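Everything numeric here is computed off the predicted structure, so don't read it as measured data.
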Amino acid sequence: MLNDTITHAERELYLTLLELAQQQPSAYEWLTRLPTWLNAIKDKANYAHAPAYQASVARLPQLPVNHVDLNSDTLTIDASLNQSQHKQTTALLKQLMPWRKGPFQIGNDESSIKIDTEWHSDWKWRRVAPHLGRLDGRRVLDVGGGSGYHGWRMAGAGADTVIIIDPSCLFYHQFMAIRHFIGSADAHETGRYRTHYIPVPLEALPEYSQLFDTVFSMGVLYHRQSPFEHLQQLRGQLVKGGELVLETLVIEGNANTVLVPHDRYAQMNNVYFLPSVAALIGWLEKVGFSDVRCVDVAVTSVEEQRQTEWMTYHSLADFLDPNDSTKTVEGYPAPMRATLIAKK
(Lines give C-alpha, C1' and ligand atoms only; values in the text may rest on other atoms or scores of the structure.)
Protein backbone atom coordinates (compact mmCIF):
# COMPACT_ATOMS: atom_id res chain seq x y z
CA MET A 1 0.00 0.00 0.00
CA LEU A 2 1.40 3.39 -1.01
CA ASN A 3 1.65 6.29 1.43
CA ASP A 4 0.64 9.91 0.74
CA THR A 5 3.63 11.52 2.49
CA ILE A 6 4.52 13.92 -0.33
CA THR A 7 0.93 15.02 -0.96
CA HIS A 8 0.34 15.64 2.73
CA ALA A 9 3.61 17.55 3.18
CA GLU A 10 2.82 19.76 0.20
CA ARG A 11 -0.67 20.42 1.56
CA GLU A 12 0.86 21.46 4.88
CA LEU A 13 3.21 23.82 3.04
CA TYR A 14 0.28 25.40 1.18
CA LEU A 15 -1.70 25.91 4.38
CA THR A 16 1.33 27.37 6.15
CA LEU A 17 1.88 29.89 3.35
CA LEU A 18 -1.85 30.70 3.30
CA GLU A 19 -1.80 31.47 7.03
CA LEU A 20 1.35 33.53 6.58
CA ALA A 21 -0.17 35.50 3.69
CA GLN A 22 -3.02 36.59 5.93
CA GLN A 23 -0.41 38.34 8.10
CA GLN A 24 2.17 39.17 5.42
CA PRO A 25 0.62 39.90 1.98
CA SER A 26 3.96 39.34 0.22
CA ALA A 27 3.47 35.61 0.85
CA TYR A 28 0.58 35.60 -1.64
CA GLU A 29 3.11 35.70 -4.47
CA TRP A 30 4.66 32.53 -3.04
CA LEU A 31 1.23 30.88 -3.08
CA THR A 32 0.72 31.93 -6.70
CA ARG A 33 3.99 30.30 -7.77
CA LEU A 34 3.75 27.23 -5.54
CA PRO A 35 1.85 24.92 -7.96
CA THR A 36 4.42 25.57 -10.69
CA TRP A 37 7.30 24.92 -8.31
CA LEU A 38 5.85 21.64 -7.03
CA ASN A 39 4.77 20.37 -10.43
CA ALA A 40 8.15 21.08 -12.00
CA ILE A 41 10.09 18.91 -9.53
CA LYS A 42 7.93 15.88 -10.41
CA ASP A 43 8.08 16.36 -14.18
CA LYS A 44 10.06 13.60 -15.86
CA ALA A 45 10.86 16.01 -18.67
CA ASN A 46 12.80 18.10 -16.16
CA TYR A 47 14.16 15.29 -13.96
CA ALA A 48 14.43 11.84 -15.48
CA HIS A 49 14.63 10.14 -12.08
CA ALA A 50 11.70 12.00 -10.52
CA PRO A 51 9.14 9.17 -10.96
CA ALA A 52 11.53 6.64 -9.43
CA TYR A 53 12.27 8.91 -6.47
CA GLN A 54 8.55 9.50 -5.89
CA ALA A 55 7.90 5.76 -6.01
CA SER A 56 10.64 5.10 -3.46
CA VAL A 57 9.12 7.56 -1.00
CA ALA A 58 5.56 6.32 -1.63
CA ARG A 59 6.56 2.70 -0.90
CA LEU A 60 8.15 3.42 2.48
CA PRO A 61 6.32 1.41 5.16
CA GLN A 62 4.34 2.88 8.02
CA LEU A 63 6.25 2.31 11.25
CA PRO A 64 5.24 2.75 14.88
CA VAL A 65 7.35 5.74 15.95
CA ASN A 66 7.96 6.14 19.67
CA HIS A 67 9.95 9.36 19.64
CA VAL A 68 11.74 11.75 17.29
CA ASP A 69 14.80 13.66 18.48
CA LEU A 70 15.50 16.73 16.35
CA ASN A 71 18.21 17.91 18.74
CA SER A 72 20.60 14.97 18.60
CA ASP A 73 23.68 15.07 16.37
CA THR A 74 22.26 12.06 14.56
CA LEU A 75 18.67 13.02 13.81
CA THR A 76 16.97 10.02 15.40
CA ILE A 77 13.58 8.48 14.70
CA ASP A 78 12.94 5.94 17.43
CA ALA A 79 10.82 3.39 15.61
CA SER A 80 10.25 -0.33 15.76
CA LEU A 81 11.15 -2.27 12.60
CA ASN A 82 10.73 -5.96 12.04
CA GLN A 83 13.16 -7.74 9.74
CA SER A 84 10.99 -7.30 6.67
CA GLN A 85 10.45 -3.60 7.30
CA HIS A 86 14.16 -3.09 7.93
CA LYS A 87 15.06 -4.73 4.62
CA GLN A 88 12.37 -2.85 2.69
CA THR A 89 13.19 0.54 4.20
CA THR A 90 16.93 0.16 3.70
CA ALA A 91 16.47 -0.80 0.06
CA LEU A 92 14.14 2.13 -0.64
CA LEU A 93 16.36 4.67 1.10
CA LYS A 94 19.36 3.40 -0.84
CA GLN A 95 17.45 4.10 -4.05
CA LEU A 96 17.75 7.75 -2.99
CA MET A 97 21.55 7.68 -2.84
CA PRO A 98 23.88 9.49 -2.67
CA TRP A 99 23.03 10.84 0.79
CA ARG A 100 25.28 13.86 1.35
CA LYS A 101 23.90 15.77 4.37
CA GLY A 102 23.02 14.11 7.67
CA PRO A 103 23.35 11.80 9.61
CA PHE A 104 20.00 10.14 10.28
CA GLN A 105 18.93 7.05 12.21
CA ILE A 106 15.69 5.08 11.98
CA GLY A 107 15.18 2.46 14.67
CA ASN A 108 15.82 1.94 18.36
CA ASP A 109 18.43 -0.80 18.73
CA GLU A 110 21.60 -2.21 17.21
CA SER A 111 19.72 -3.11 14.05
CA SER A 112 18.69 0.52 13.41
CA ILE A 113 19.12 1.92 9.94
CA LYS A 114 21.96 4.42 10.19
CA ILE A 115 22.26 6.75 7.20
CA ASP A 116 25.93 7.66 7.44
CA THR A 117 26.02 10.61 5.04
CA GLU A 118 29.04 12.02 3.22
CA TRP A 119 29.05 15.09 5.43
CA HIS A 120 29.00 15.19 9.20
CA SER A 121 26.50 18.05 9.00
CA ASP A 122 26.19 17.85 12.78
CA TRP A 123 29.77 19.14 13.05
CA LYS A 124 28.82 22.28 11.12
CA TRP A 125 25.72 22.75 13.25
CA ARG A 126 27.80 22.49 16.43
CA ARG A 127 30.09 25.21 15.10
CA VAL A 128 27.23 27.50 14.08
CA ALA A 129 24.53 26.99 16.75
CA PRO A 130 26.28 28.64 19.73
CA HIS A 131 26.50 31.93 17.85
CA LEU A 132 22.90 32.17 16.64
CA GLY A 133 20.30 34.50 17.98
CA ARG A 134 17.36 32.67 19.50
CA LEU A 135 15.35 30.73 16.92
CA ASP A 136 12.34 30.29 19.22
CA GLY A 137 9.19 31.47 17.48
CA ARG A 138 11.06 32.75 14.42
CA ARG A 139 10.42 32.20 10.71
CA VAL A 140 13.53 30.73 9.14
CA LEU A 141 14.65 30.29 5.53
CA ASP A 142 17.37 27.69 4.85
CA VAL A 143 18.86 28.34 1.40
CA GLY A 144 20.50 25.36 -0.30
CA GLY A 145 19.34 23.07 2.50
CA GLY A 146 20.18 19.75 0.80
CA SER A 147 18.37 16.80 2.37
CA GLY A 148 17.00 19.06 5.09
CA TYR A 149 19.22 18.01 8.00
CA HIS A 150 19.94 21.54 9.16
CA GLY A 151 16.32 22.57 8.64
CA TRP A 152 15.21 19.85 11.05
CA ARG A 153 17.81 21.05 13.55
CA MET A 154 16.42 24.59 13.23
CA ALA A 155 12.96 23.25 14.04
CA GLY A 156 14.45 21.37 16.98
CA ALA A 157 15.94 24.65 18.20
CA GLY A 158 12.42 26.08 18.42
CA ALA A 159 11.82 27.85 15.10
CA ASP A 160 8.13 28.52 14.48
CA THR A 161 8.39 27.87 10.73
CA VAL A 162 11.32 26.57 8.68
CA ILE A 163 11.25 26.71 4.89
CA ILE A 164 14.09 24.86 3.18
CA ILE A 165 14.81 25.65 -0.44
CA ASP A 166 17.03 23.68 -2.81
CA PRO A 167 16.47 22.93 -6.51
CA SER A 168 17.72 19.33 -6.31
CA CYS A 169 15.11 16.71 -7.18
CA LEU A 170 17.05 14.08 -5.24
CA PHE A 171 17.39 16.19 -2.09
CA TYR A 172 13.69 17.04 -2.20
CA HIS A 173 12.77 13.37 -2.13
CA GLN A 174 15.36 12.59 0.55
CA PHE A 175 13.65 15.21 2.70
CA MET A 176 10.28 13.62 1.99
CA ALA A 177 11.63 10.20 2.97
CA ILE A 178 12.71 11.55 6.35
CA ARG A 179 9.43 13.47 6.66
CA HIS A 180 7.59 10.19 6.17
CA PHE A 181 9.07 8.80 9.39
CA ILE A 182 9.07 12.05 11.37
CA GLY A 183 5.38 12.52 10.62
CA SER A 184 3.90 15.22 12.82
CA ALA A 185 6.67 15.13 15.43
CA ASP A 186 7.67 18.70 14.50
CA ALA A 187 4.08 20.00 14.47
CA HIS A 188 2.60 22.93 16.35
CA GLU A 189 -0.12 22.34 18.91
CA THR A 190 -2.56 23.04 16.06
CA GLY A 191 -1.13 20.06 14.20
CA ARG A 192 0.45 22.19 11.45
CA TYR A 193 3.93 21.09 10.36
CA ARG A 194 6.76 23.50 11.14
CA THR A 195 9.33 22.24 8.61
CA HIS A 196 8.76 22.56 4.87
CA TYR A 197 10.64 22.21 1.60
CA ILE A 198 10.30 24.13 -1.66
CA PRO A 199 12.42 22.69 -4.50
CA VAL A 200 13.65 25.95 -6.03
CA PRO A 201 16.81 28.08 -5.97
CA LEU A 202 16.91 31.40 -4.15
CA GLU A 203 16.56 33.40 -7.36
CA ALA A 204 13.18 31.78 -8.06
CA LEU A 205 11.65 33.34 -4.94
CA PRO A 206 9.77 36.63 -5.10
CA GLU A 207 12.25 39.43 -4.47
CA TYR A 208 12.06 41.49 -1.31
CA SER A 209 9.55 39.20 0.37
CA GLN A 210 10.87 40.28 3.79
CA LEU A 211 9.22 37.26 5.42
CA PHE A 212 11.97 35.74 7.53
CA ASP A 213 13.54 36.58 10.88
CA THR A 214 16.59 34.41 10.14
CA VAL A 215 18.05 33.37 6.78
CA PHE A 216 20.73 30.70 6.47
CA SER A 217 22.96 30.33 3.40
CA MET A 218 25.49 27.59 4.09
CA GLY A 219 27.68 26.18 1.34
CA VAL A 220 26.06 28.17 -1.46
CA LEU A 221 27.85 31.50 -2.06
CA TYR A 222 30.91 30.03 -3.77
CA HIS A 223 28.64 28.33 -6.31
CA ARG A 224 27.16 31.66 -7.41
CA GLN A 225 28.55 33.47 -10.45
CA SER A 226 27.29 36.74 -8.97
CA PRO A 227 27.97 36.68 -5.21
CA PHE A 228 26.71 40.22 -4.68
CA GLU A 229 23.39 39.36 -6.28
CA HIS A 230 23.12 36.34 -3.98
CA LEU A 231 23.78 38.50 -0.92
CA GLN A 232 21.20 41.05 -2.06
CA GLN A 233 18.63 38.28 -2.59
CA LEU A 234 19.30 36.94 0.91
CA ARG A 235 18.85 40.42 2.34
CA GLY A 236 15.56 40.82 0.47
CA GLN A 237 14.08 37.79 2.26
CA LEU A 238 14.84 39.18 5.73
CA VAL A 239 12.62 41.37 7.88
CA LYS A 240 14.20 44.60 9.11
CA GLY A 241 16.56 43.67 11.93
CA GLY A 242 16.64 40.05 10.78
CA GLU A 243 19.73 37.85 11.02
CA LEU A 244 21.77 36.36 8.19
CA VAL A 245 23.89 33.27 8.83
CA LEU A 246 26.38 32.89 5.98
CA GLU A 247 28.80 29.96 5.71
CA THR A 248 31.10 29.67 2.73
CA LEU A 249 34.56 28.74 1.50
CA VAL A 250 37.25 31.35 2.23
CA ILE A 251 40.98 31.77 1.86
CA GLU A 252 43.63 33.53 3.92
CA GLY A 253 44.29 37.15 3.02
CA ASN A 254 43.40 40.80 3.45
CA ALA A 255 40.34 42.82 2.44
CA ASN A 256 41.40 42.74 -1.20
CA THR A 257 42.08 38.99 -1.43
CA VAL A 258 39.73 36.89 -3.56
CA LEU A 259 40.54 33.60 -5.29
CA VAL A 260 38.88 32.95 -8.65
CA PRO A 261 39.74 29.36 -9.66
CA HIS A 262 40.82 29.16 -13.28
CA ASP A 263 39.03 25.86 -13.96
CA ARG A 264 38.10 23.53 -11.10
CA TYR A 265 38.47 23.85 -7.36
CA ALA A 266 38.72 20.56 -5.42
CA GLN A 267 37.38 18.96 -8.60
CA MET A 268 34.26 21.16 -8.53
CA ASN A 269 33.66 23.04 -11.78
CA ASN A 270 31.06 25.38 -10.27
CA VAL A 271 33.19 27.31 -7.78
CA TYR A 272 33.59 30.96 -8.71
CA PHE A 273 34.74 33.20 -5.85
CA LEU A 274 36.58 32.41 -2.61
CA PRO A 275 37.13 35.64 -0.66
CA SER A 276 39.13 36.19 2.48
CA VAL A 277 37.09 36.74 5.64
CA ALA A 278 37.99 40.43 5.52
CA ALA A 279 36.83 40.71 1.91
CA LEU A 280 33.60 38.87 2.70
CA ILE A 281 32.86 41.24 5.57
CA GLY A 282 33.31 44.09 3.10
CA TRP A 283 30.93 42.44 0.62
CA LEU A 284 28.23 42.09 3.25
CA GLU A 285 28.62 45.69 4.36
CA LYS A 286 28.56 46.89 0.75
CA VAL A 287 25.10 45.36 0.15
CA GLY A 288 23.73 46.90 3.34
CA PHE A 289 24.27 44.44 6.18
CA SER A 290 25.47 45.70 9.56
CA ASP A 291 26.98 44.24 12.73
CA VAL A 292 28.90 41.77 10.56
CA ARG A 293 31.09 39.36 12.49
CA CYS A 294 32.97 36.17 11.76
CA VAL A 295 32.15 33.58 14.41
CA ASP A 296 34.00 30.52 13.12
CA VAL A 297 36.69 29.45 10.68
CA ALA A 298 37.40 25.74 10.16
CA VAL A 299 39.48 23.74 7.71
CA THR A 300 37.37 20.90 6.33
CA SER A 301 38.82 17.52 7.32
CA VAL A 302 38.56 14.15 5.61
CA GLU A 303 36.74 12.97 8.72
CA GLU A 304 33.99 15.56 8.26
CA GLN A 305 33.52 14.93 4.53
CA ARG A 306 34.17 11.40 3.31
CA GLN A 307 32.98 8.43 1.30
CA THR A 308 30.51 6.15 3.10
CA GLU A 309 28.20 3.24 2.42
CA TRP A 310 25.50 5.82 1.65
CA MET A 311 27.70 8.01 -0.60
CA THR A 312 30.02 5.80 -2.59
CA TYR A 313 31.46 8.36 -4.99
CA HIS A 314 34.69 10.33 -4.64
CA SER A 315 34.89 12.69 -1.67
CA LEU A 316 37.30 15.15 -0.10
CA ALA A 317 40.24 12.74 0.24
CA ASP A 318 40.19 12.33 -3.54
CA PHE A 319 40.15 16.09 -4.10
CA LEU A 320 43.27 16.92 -2.07
CA ASP A 321 46.89 16.71 -3.20
CA PRO A 322 47.98 13.19 -2.17
CA ASN A 323 51.37 14.57 -1.13
CA ASP A 324 50.18 17.74 0.62
CA SER A 325 46.75 17.79 2.28
CA THR A 326 46.93 21.58 2.68
CA LYS A 327 46.32 21.89 -1.06
CA THR A 328 43.69 20.72 -3.51
CA VAL A 329 44.67 18.55 -6.46
CA GLU A 330 44.75 21.74 -8.52
CA GLY A 331 47.23 23.37 -6.13
CA TYR A 332 44.83 25.79 -4.43
CA PRO A 333 44.53 26.10 -0.63
CA ALA A 334 42.50 23.21 0.81
CA PRO A 335 38.85 23.94 1.70
CA MET A 336 38.40 26.26 4.66
CA ARG A 337 34.98 27.49 5.71
CA ALA A 338 33.98 30.60 7.61
CA THR A 339 30.66 31.40 9.26
CA LEU A 340 29.60 35.04 9.40
CA ILE A 341 26.55 36.53 11.07
CA ALA A 342 25.08 39.88 10.07
CA LYS A 343 22.01 42.03 10.67
CA LYS A 344 19.74 43.68 8.12
Side-chain angles (χ1 to χ4, degrees), residues 5 9 12-13 16 63-81 89 93 99-110 112-166 171 174-197 212-219 243 245 247 295-296 298 303-305 308 310 337 339 341:
T5 294
E12 286 287 318
L13 168 61
T16 294
L63 300 177
V65 175
N66 305 311
H67 176 68
V68 173
D69 189 349
L70 299 179
N71 290 311
S72 61
D73 287 345
T74 299
L75 196 150
T76 302
I77 300 155
D78 181 349
S80 301
L81 297 87
T89 301
L93 293 174
W99 286 80
R100 297 193 181 276
K101 303 293 177 68
F104 303 94
Q105 177 175 313
I106 302 166
N108 56 15
D109 55 28
E110 289 301 316
S112 296
I113 299 169
K114 297 178 177 65
I115 304 177
D116 186 15
T117 50
E118 177 188 17
W119 281 90
H120 261 296
S121 303
D122 51 315
W123 294 14
K124 180 182 295 188
W125 186 249
R126 288 205 302 264
R127 292 194 296 266
V128 171
H131 307 287
L132 300 176
R134 292 181 64 84
L135 293 182
D136 301 58
R138 293 169 75 91
R139 285 194 298 273
V140 177
L141 178 67
D142 183 17
V143 177
S147 66
Y149 173 86
H150 288 124
W152 293 118
R153 297 301 302 270
M154 295 165 199
D160 180 78
T161 302
V162 178
I163 294 182
I164 303 159
I165 62 169
D166 196 302
F171 294 162
Q174 288 176 347
F175 171 85
M176 289 299 175
I178 299 301
R179 163 58 79 190
H180 172 74
F181 296 112
I182 286 179
S184 61
D186 70 321
H188 293 284
E189 291 180 359
T190 61
R192 184 74 63 242
Y193 287 175
R194 289 188 293 135
T195 315
H196 307 275
Y197 201 117
F212 299 94
D213 304 295
T214 305
V215 171
F216 288 81
S217 172
M218 300 194 291
E243 183 173 82
V245 181
E247 189 261 11
V295 299
D296 183 77
E303 290 77 32
E304 182 174 1
Q305 182 190 8
T308 74
W310 292 82
R337 294 171 178 269
T339 302
I341 294 180

Compare every heavy atom of D166 with every heavy atom of G145, then report the nearest pair and how far apart it is. N-OD2, 3.6 Å
Expected output: side-chain S147 to main-chain K101 donor-acceptor under 3.5 Å: yes
I'd like to check Y149 versus D122 (side-chain heavy atoms, cut-off strictly below 4.5 Å). Are they in contact? yes
The side chain to side chain contact (heavy atoms under 4.5 Å, CB included) partners of R194 (sequence neighbours excluded) come to A155, D186, H188
Report yes if some heavy atom in the side chain of T339 is under 4.5 Å from a heavy atom in the side chain of V245; otherwise report no. yes
What heavy-atom pair brings P103 and T74 nearest, and what distance separates the two atoms? CG-OG1, 3.5 Å
Ring pair (Phe, Tyr, Trp, His ring centres under 6.0 Å) filter on F216, not counting sequence neighbours, yields none
Criterion salt bridge (charged side-chain N to carboxylate O under 4.0 Å, His left out) on R127 and E304, from CA distance to verdict: CA-CA 12 Å; R127 292 194 296 266; E304 182 174 1; 2.9 Å; yes
Listed partners of V68 passing side chain to side chain contact (heavy atoms under 4.5 Å, CB included), at least two apart: V65, L70, I77, I182, A185
Test log, rule side chain to side chain contact (heavy atoms under 4.5 Å, CB included), inputs M218 and V128: CA-CA 10 Å; M218 300 194 291; V128 171; 4.3 Å; yes
Parallel, tilted or perpendicular, as decided by the 30° and 60° cut-offs, for the rings of Y197 and F175: tilted
Looking only at heavy atoms, which two atoms of H120 and E303 are closest? And how far apart? CD2-O, 3.5 Å
Could you pull out all residues at least two apart from S121 that satisfy side-chain hydrogen bond (donor to acceptor under 3.5 Å, both in side chains)? none
With sequence neighbours left out, what residues match T308 under side chain to side chain contact (heavy atoms under 4.5 Å, CB included)? D116, R306, W310, M311
Looking at T214 and R138, what are the two nearest heavy atoms and their distance? OG1-NE, 3.0 Å
Looking at every non-hydrogen atom in both residues, tell me the closest pair between G107 and S112 and how far apart they are. C-OG, 3.1 Å
Residues which pass side chain to side chain contact (heavy atoms under 4.5 Å, CB included) with T16, listed by chain and number, not counting sequence neighbours: T161, R192, H196
Sole candidate of R179, E12, M154, R153 that passes side chain to side chain contact (heavy atoms under 4.5 Å, CB included) when paired with T195: R179
To the nearest 0.5 Å, how far apart are CG in L81 and CG in D109? 8.5 Å
Keeping the roles fixed (side chain from Q105, backbone from K114), state whether a donor-acceptor pair exists under 3.5 Å. no
